[in-house]
Amino acid sequence: MSGSQDWPRTEAEALAVQDSLRTQVEETDQSPAPGAAGTIAVGLDVAYDDARDVVAAAAVALDAATLEVVEEATATGRVAFPYVPGLLAFREIPALRDALDELGRRLGRAPDLLVCDGYGRAHPRRFGLASHLGVLTGLPVIGVAKNPFVFRHGVVGPDRGDSAALLDGTEEVGRALRTRRGVKPVFVSVGHRVSLDSACAHTLSLAPDYRLPETTRRADALCRRALRESA
DNA sequence: GCGACAG
DNA sequence: ATCTTGTCGC
């Protein structure tokens with residue numbers, strides 16, 4: 001049961017849920033050493049067909065050391081919430097949890113790290129998708145986004161590994177991190193049970209060849225395929 | 001009021 | 001997110 005009946009239906013209800021859960025985010029780093037052998041990192045992503053009101057989520061488990069796919073799972077359902085900037089979690093989490101639950105059964109164990117497409121702490125109320133999913137699962141979670149959302153950052157050096165603070169005013173809420181020379185940086189933020197430095201280290205470890213982590217690349221390909229095959 | 005705005 | 005061809009470059 002994923003309790004879609006008690007899922008918020010209005011923006012006001014969603015805001016209240018964020019306000020209530022935000023205090024449960026844990027700052028202490030309980031994530032594994034980046035790239036550690038025997039460690040499992042899970043990539044998560046969602047694809048939509050608004051015309052059919054269908055959502056497809058994918059959860060792909062990778063061996064953090066070899067980046068080989070260990071296991072994968074998908075889930076499809078009805079869109080649970082409209083896209084509202086700042087409330088993305090309410091649109092994506094129901095399907096993501098279903099895919100994660102199925103992945104856990106197939107894996108026979110809990111993942112060591114979750115990698116979300118989007119933000120965690122870098123959020124108007126400091127409680128983006130990665131934070132929300134972290135509180136609900138209790139797992140270490142990081143957010144890796146493709147756009148800076150409403151935040152600003154300074155110049156990021158040209159080399160892989162170079163970064164600049166992602167700022168909300170003067171507060172560092174995440175980091176713009178270059179994973180590939182000559183390519184636009186990604187935007188990393190803390191979700192749950194992980195430090196910002198670790199989140200960046202995990203991102204670099206998971207993205208040796210392309211701009212985005214292998215976890216999200218795999219999840220992106222899988223949820224698109226699941227959506228296509230659901231038609 | 002208007003525009004910007006993760007996916 | 002999604003609608004979409006060719007094209008420049010490694």
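Because the structure is predicted, anything quoted here is derived from the model rather than measured. Chain naming here is simple, since letters A, B, ... match the order of the sequence lines and numbering starts at 1 in each. Reckoned from all heavy atoms, side chains included, excluding hydrogens, waters and symmetry mates.
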Between the side chains of D29(A) and S198(A), is a donor N or O closer than 3.5 angstrom to an acceptor N or O?
-> yes
Round to a whole Å and report the spacing from CD1 of I93(A) to P of dG7(B).
-> 15 Å
Once you round it to whole Å, what is the distance between C1' of dG7(B) and CD of E92(A)?
-> 5 Å
Y48(A) six-ring face occupied by R91(A) cation (under 6.0 Å, within 45°) | yes
Contact under 4.0 Å: N147(A) side-chain N or O vs dG7(B) OP1/OP2 = yes
So, F81(A) versus W7(A), ring centres under 6.0 angstrom or not?
-> no
Take atom NE2 of H153(A) and atom P of dA6(B), then tell me their distance rounded to the nearest Å.
-> 13 Å
Measure the distance from CG on L177(A) to C1' on dA6(B) and round it to the nearest whole Å.
-> 17 Å
Please state how far atom CZ in F149(A) lies from atom C1' in dA4(B), giving the value in whole angstrom units.
-> 10 Å
Sub-6.0 Å ring centroid separation between H132(A) and F90(A) = yes
With the side chain of V150(A) defined as its heavy atoms from C-beta on, choose the nearest nucleotide among dC5(B), dA6(B), dT2(C).
-> dC5(B)
Separation of dA1(C) P from L96(A) CG (nearest whole Å) | 13 Å
Does a sphere of radius 6.0 Å around CZ in R106(A) hold more than 12 heavy atoms from other residues, nucleotides or ligands, not counting ones at 6.0 Å or beyond?
-> yes
Counting heavy atoms from C-beta on, name the nucleotide in dG7(B), dT2(C), dA6(B) closest to the side chain of L227(A).
-> dT2(C)
Side chain of R224(A) - closest among dC5(B), dA6(B), dA1(C) = dA1(C)
Separation of dA6(B) C1' from L166(A) CG (nearest whole Å) | 11 Å
Spacing of L88(A) atom CG relative to dG7(B) atom P, expressed in whole Å | 8 Å
In L44(A), D45(A), V55(A), D101(A), the residue satisfying side-chain contact (heavy atoms from CB on, under 4.5 Å) with L96(A) is L44(A)
The correct set of residues in residues 41-49 of chain A placing a heavy atom under 4.0 Å from DNA chain C is A47(A), Y48(A)
Counting any heavy atom closer than 4.0 Å, what does G86(A) reach on the DNA or RNA strands: base, sugar-phosphate only, or nothing?
-> base
Taking atom CZ of R152(A) as the centre, does the number of heavy atoms from other residues, nucleotides or ligands within less than 6.0 Å exceed 12?
-> no
Should K146(A) be listed as having a side-chain N or O under 4.0 Å from OP1 or OP2 of dG7(B)?
-> yes
Are the ring of Y83(A) and the six-membered base ring of dG7(B) within the stacking cut-offs of under 5.5 Å and under 30°?
-> yes
